[in-house]
Amino acid sequence: MRFMIAALLASSLSCFAAAETPSPAIQVETLSQSTTSWDGTPYKTYPSGQPQLSVLKITIPANTAMKWHTHHLPNAAYVLSGEITVEKKDGTQKHFSTGQVISETIDIVHRGVTGAEPVVLIVFYSGTPGLPLSTAAQ
């Protein structure tokens, strides 16, 4: 009798297991991994102190030239939609569009210029409390 109960229990458990829908596989896609900024400048060090991560969603209107600025901390932007050209004062520039990642420059004056459509960026900053995410160029 114990054998029959064990057999029934085992067969009913296997039915439940077979009825479950297998979960979809988790997919991971590396969008960017870099030791240099978009212009090829090597990254040096992170700011010292307590780490603080910031993630911003930034929407820039169409046909906009941002003000010249710098970043003093590592950051990268994912272009959620639109197109943007990032340029330095020396004329070096690179164009980015939807789905691309911008590995930003550190301590180099630059700006973004959008095209005919607004641009939406998701920007990840790795800094410390009190350290500004960007500073206007002088």
Side-chain angles (χ1 to χ4, degrees):
M1 183 62 133
R2 285 185 183 174
F3 179 75
M4 286 184 71
I5 293 173
L8 284 172
L9 184 59
S11 67
S12 64
L13 288 176
S14 66
C15 288
F16 285 119
E20 287 184 24
T21 305
S23 60
I26 295 173
Q27 296 182 3
V28 176
E29 178 182 355
T30 300
L31 299 176
S32 176
Q33 190 171 54
S34 182
T35 57
T36 66
S37 61
W38 65 267
D39 69 344
T41 303
Y43 289 129
K44 295 176 183 151
T45 61
Y46 283 97
S48 63
Q50 170 65 47
Q52 176 178 297
L53 299 177
S54 301
V55 180
L56 280 60
K57 180 180 178 183
I58 300 173
T59 303
I60 308 166
N63 303 309
T64 298
M66 298 175 69
K67 294 181 179 179
W68 294 100
H69 63 280
T70 61
H71 303 284
H72 304 293
L73 49 94
N75 71 94
Y78 177 79
V79 183
L80 194 58
S81 64
E83 297 183 6
I84 188 168
T85 299
V86 182
E87 60 185 16
K88 299 187 322 186
K89 285 205 170 197
D90 69 3
T92 304
Q93 59 180 257
K94 187 167 181 180
H95 185 78
F96 298 91
S97 58
T98 300
Q100 292 185 301
V101 175
I102 306 167
S103 297
E104 275 280 24
T105 59
I106 299 175
D107 295 325
I108 295 175
V109 176
H110 66 284
R111 70 177 180 178
V113 179
T114 63
E117 301 292 325
V119 173
V120 179
L121 304 172
I122 303 296
V123 188
F124 303 83
Y125 295 92
S126 181
T128 56
L131 184 63
L133 302 180
S134 66
T135 305
Q138 304 207 5

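Small disclaimer: the values here were computed from a predicted structure and weren't measured.
In the hydrophobic clustering of ILVMFWY residues, with side-chain heavy atoms under 4.5 Å counting as a link, Val79 and Val55 come out apart. Under the 4.5 Å side-chain heavy-atom criterion for grouping Ile, Leu, Val, Met, Phe, Trp and Tyr, Leu80 is connected to Leu31 within one hydrophobic cluster.
Looking at heavy atoms from C-beta onward, Pro74 lies in side-chain contact with Pro47 at the 4.5 angstrom threshold. Side-chain contact between Ile58 and Ile60 is present, with at least one heavy-atom pair separated by less than 4.5 Å.
For Glu83, there are no salt bridge (Lys or Arg N to Asp or Glu O under 4.0 Å) partners two or more places apart in sequence or in a different chain. Applying the side chain to side chain contact (heavy atoms under 4.5 Å, CB included) criterion to Pro24, with sequence neighbours excluded, gives no partner residue. Thr41 meets the side chain to side chain contact (heavy atoms under 4.5 Å, CB included) test with Ser37, Asp39, Ile108; sequence neighbours excluded.
Annotation: salt bridge (Lys or Arg N to Asp or Glu O under 4.0 Å) contacts involving residues 129-138, sequence neighbours excluded, are absent. Within the structure, salt bridge (Lys or Arg N to Asp or Glu O under 4.0 Å) contacts touching residues 46-70 (residues at least two apart or in different chains) do not occur. Sorted by first and then second residue, the pairs that involve residues 98-122 and meet ring pair (Phe, Tyr, Trp, His ring centres under 6.0 Å), not counting sequence neighbours, are His69-His110, His71-His110. Here ring pair (Phe, Tyr, Trp, His ring centres under 6.0 Å) pairs that include residues 72-95, with residues two or more places apart or in two chains, number zero. For residues 124-133, no pair satisfies salt bridge (Lys or Arg N to Asp or Glu O under 4.0 Å), with sequence neighbours left out. For residues 125-138, there are no salt bridge (Lys or Arg N to Asp or Glu O under 4.0 Å) pairs, not counting sequence neighbours.
Taking Ile, Leu, Val, Met, Phe, Trp and Tyr as hydrophobic and joining them when side-chain heavy atoms fall under 4.5 Å apart, one finds Ile106 in a cluster with Tyr43.
Atom CG of residue Leu73 and atom CD of residue Gln52 lie 9.5 Å apart, to the nearest 0.5 angstrom. Atoms CG and OG, on Leu56 and Ser134 in that order, are 9.5 Å from each other to the nearest 0.5 Å. Summarising the geometry, atom OG1 belonging to Thr85 is positioned 6.0 Å from atom CD belonging to Gln93; distances are rounded to the nearest 0.5 Å.
Nearest heavy atom pair, residue Trp38 against residue Lys94, reads CE3-CB, 3.5 Å.
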Going through the checks in order, is the side-chain contact (heavy atoms from CB on, under 4.5 Å) test met by Ile102 and Ile84? CA-CA 10 Å; Ile102 306 167; Ile84 188 168; 3.9 Å; yes
Return all side-chain donor-acceptor pairs below 3.5 angstrom for residues 112-129, not counting sequence neighbours, or 'none' if the list is empty.
{"from": "Thr114", "atom 1": "OG1", "to": "Pro61", "atom 2": "O", "distance (Å)": "2.7"}
{"from": "Thr114", "atom 1": "OG1", "to": "Asn63", "atom 2": "N", "distance (Å)": "3.0"}
{"from": "Thr114", "atom 1": "OG1", "to": "Thr64", "atom 2": "N", "distance (Å)": "2.8"}
{"from": "Thr114", "atom 1": "OG1", "to": "Thr64", "atom 2": "O", "distance (Å)": "3.4"}

